[in-house]
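Written out below as structure tokens is the structure these notes cover.
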Amino acid sequence: MTPYSFWNYSVKNSFSLIDKPTFFGAIALLLTIIFPLILFPEQGANWIATAKTFMTDKLGFLYLSLGIGAFGFMIYVIFSDMGQIKLGESDEKPEFATASWAAMLFCGGIGASILYWGCIEWAYYYQSPPFQLEPGSEEAVRWAATYGLFHWGPIAWSIYLVPALPIAYFFYVRKQPVLKVSSALMPVLGEKNSKGAAGKIVDVLFIFGLLGGAATTLGLAAPLISEGLNQLFGMPKTTFTQVLVLLICTAIFAYSSYAGLEKGIKILSNINFWGAMGLLAFVLAVGPTIFMLETGLDSIGRMLSNFFVMATWAEPFGGYGTFDDTHFPQDWTIFYWAWWLVFAPSMGLFVARISRGRTIKQMVSGSIFFGSLGCFLFFMILGNYGLSLQLSNQLDVVHILNTQGATSAIFAMLGELPFSTLIIGLFTVLCVIFTATTFDSISYILASVVQNNVTEEPMRWNRMFWRSRSLSYQPYLCLWVG
């Protein structure tokens, strides 16, 4: 038997494990959406803009309520008897060491977005601050350094954990051999419906939502990688180049998806994590260290002091009478909560899968602590470094942002560092690896959803199939979202 015949036989033999309605339903839905987007891109862009406006302007209070409710519920879980439940056997040790678990959690859940927004988000707040403040004023600067920590902090990770709890419980405690969103909804839908047509629809919509949400993250990664290659090698910055770079970079790391959690995603996440820590340590050492540390500490204190104000501010009086309407909570906080919500089912699946052997308390507290801490470091070091360049007049980051775009502003900031070429190279490599870990976690999650038995790991051909589908669809979704 030839290798191809053996592989073909293995696929056919193992195809019996595939949840066929979910598998083919997801592919059909993706094709149904992708082709109209290719044929009618302008109409698609208009539709998504209308949907975004409706979501943020009309449903904003629901998203704000969700965020504060999720955070409050996670605090309750940590201190309740529920938190003592072991995800696995009573004497079972954690499947992954804490360092590797934290690295996979952070790299799989954040992606290259943290490299983008961690560097430049402050600049948007600096010139369009909250609370009707004067742009560029001292108070605007303080809030500019604070709001990034808030948007990527405990509430974001609490939203991620809402689906993680039931998924982990049913998989490890109730011994359900599936990692599906529909199984987590069993208490709501009922066992019959969750395994029937209603559950299939939920899983199909989840797959589509995951790929669509990932397009936003990957739409940020491709320009960063393209800009880095332009800075290093003079490669032209075109849409075609971005798509080509995205395909090549993710294809290079296909092996990590094939190898699975232990030999693939875990190793790649560890490399990514320590590479990122090395970059942050270098910037902290050679940059304005005291300014970054003092501003970071001030930002944490300001966030904690105003946490509930920031979490509930909807600007209800904006546009009425003499009250100014900044639209800040709709453009930022509400949009961020909606973004985290889109990724919540997929992150819930991923967090649940890598948390075997831990208690629910450990999973929840560890996710919030390590996830928030990792994000804080990027904003406190890279973000505050850029802010210092602006305030010291060493580099007009805001002007570059407004005239040349965010990616040019980010690399202009990096260009002010010692050994700038080396740092730009490292930053670009991190963008590639963050993108790869995003693809890896997505393919692993998608393969888990369409497979009926994942007590070990999703089948290799299944993981590779969904990785190839991600590579096929994401450029179109990225272009559409962008």
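Remember, it's a predicted structure, so these values are computed and weren't measured experimentally.
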Note to self: With a 3.5 Å distance limit and no angle check, can you tell me whether S137 reaches the backbone of A140 through a side-chain donor-acceptor pair?
What the structure shows: yes
Item checked: Exam field: side chain N402 to backbone V398, donor-acceptor pair closer than 3.5 Å -> yes
Check: Within the side chain of Q404, is there an N or O that forms a donor-acceptor pair under 3.5 Å with the backbone of H399?
Finding: no
Margin query: For a ring-ring contact (aromatic ring centres under 6.0 Å, His included) check, start with the C-alpha distance between W157 and Y160, then their side-chain angles and the critical distance, and finish with the verdict.
Written below: CA-CA 5 Å; W157 290 91; Y160 274 170; 5.3 Å; yes
Checklist line | Closest heavy-atom pair and its distance - A409, I120 | finding: CB-CD1, 3.8 Å
Next item on the list: Quick one: pull up CZ in F96 and CD1 in I354 and give me the separation to the nearest 0.5 Å.
Entry: 7.0 Å
Margin query: Parallel, tilted or perpendicular: which one describes the rings of F307 and F150, with boundaries at 30° and 60°?
Written below: perpendicular
Next item on the list: Fit a plane to each ring of Y124 and W117, take the angle between them on a 0 to 90° scale, and name the class: parallel (under 30°), tilted (30 to 60°) or perpendicular (over 60°).
Entry: tilted
Next item on the list: Take atom OH of Y76 as the centre, draw a 6.0 Å sphere, and report whether it contains more than 12 heavy atoms from other residues, nucleotides or ligands.
Entry: no
Check: Is a side-chain N or O of S299 found less than 3.5 angstrom from the main chain of T295, in a donor-acceptor match?
Finding: yes
Next item on the list: Identify the two heavy atoms, one from I424 and one from Q231, that lie closest to each other, and give their separation to 0.1 Å.
Entry: CG2-CB, 4.1 Å
Next item on the list: May I ask you to check whether W152 and F378 place their ring centres under 6.0 Å from each other?
Entry: no
Next item on the list: Please tell me if the side chains of L284 and M380 come closer than 4.5 Å, counting only heavy atoms from C-beta onward.
Entry: no
Item checked: F291-Y385 aromatic ring centre distance below 6.0 Å -> no
Margin query: Is it the case that the side chain of W340 and the backbone of H151 share a donor-acceptor pair, with hydrogens and angles ignored and the cut-off at 3.5 Å?
Written below: yes
Item checked: Pair W143-F131, ring-ring contact (aromatic ring centres under 6.0 Å, His included): steps then yes or no -> CA-CA 10 Å; W143 283 110; F131 309 122; 5.0 Å; yes
